[in-house]
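As structure tokens, the structure follows; a few thoughts come after it.
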Amino acid sequence: MNATGWSCYTCKGQTESDRLADCLYKAAEQILKNQVIRTDYARDGDPDWEENFYILRKTPCVAVLSENYFMDNKSDLEYLQNQTGKQAIIDTHVEGIEEWIESNI
């Protein structure tokens, strides 16, 4: 298959979730080196993908969905199955969330 990489989704429009997504993308750029990071700057100037997903629209708190590679892509699957890849994905989320929290203190 052709789909590959890491990405993050928010609901449509600018919300606090976009700030969290920005922090996650910043962490991804530092941690997921040599990996595909999928962005969508064209729609609204920020890297996250915006969709009308119910879970993102109706959650009463800051919410994003991350897409952590694809299991139908051989290279992505290999990355997901090795400890280095798993730890990189975990670290991306932890560092991004920590940065977002610190920016709100």
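Quick caveat, the model's predicted, so the values are computed rather than measured.
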Applying salt bridge (charged side-chain N to carboxylate O under 4.0 Å, His left out) to E16 and R19, what does each step give before you reach the verdict?
CA-CA 5 Å; E16 185 65 23; R19 288 189 55 242; 2.2 Å; yes
Y25 side chain reached by W6 side chain, heavy atoms, under 4.5 Å:
yes
Validation row: L56, E50 side chains within 4.5 angstrom (heavy atoms):
no
What heavy-atom pair brings T84 and N82 nearest, and what distance separates the two atoms?
N-OD1, 3.0 Å
Under the 3.5 angstrom rule, does the side chain of S17 hit a backbone N or O of V64 as a donor-acceptor pair?
no
Are L32 and Y69 packed together at the side-chain level, in the sense that at least one heavy-atom pair is separated by less than 4.5 angstrom?
yes
Give a yes or no answer on whether the side chain of D48 reaches the backbone of D22 with a donor-acceptor pair at less than 3.5 Å.
no
Is there side-chain contact between D18 and T15, with heavy atoms separated by less than 4.5 Å?
yes
Mind checking whether F53 and Y9 have parallel, tilted or perpendicular rings, split at 30° and 60°?
tilted
T4 to R38 - nearest heavy-atom pair and separation
O-CD, 2.7 Å
Contact between E78 and K74 at the side-chain level, heavy atoms closer than 4.5 Å - yes or no?
yes
With a 3.5 Å distance limit and no angle check, can you tell me whether N73 reaches the backbone of A3 through a side-chain donor-acceptor pair?
yes
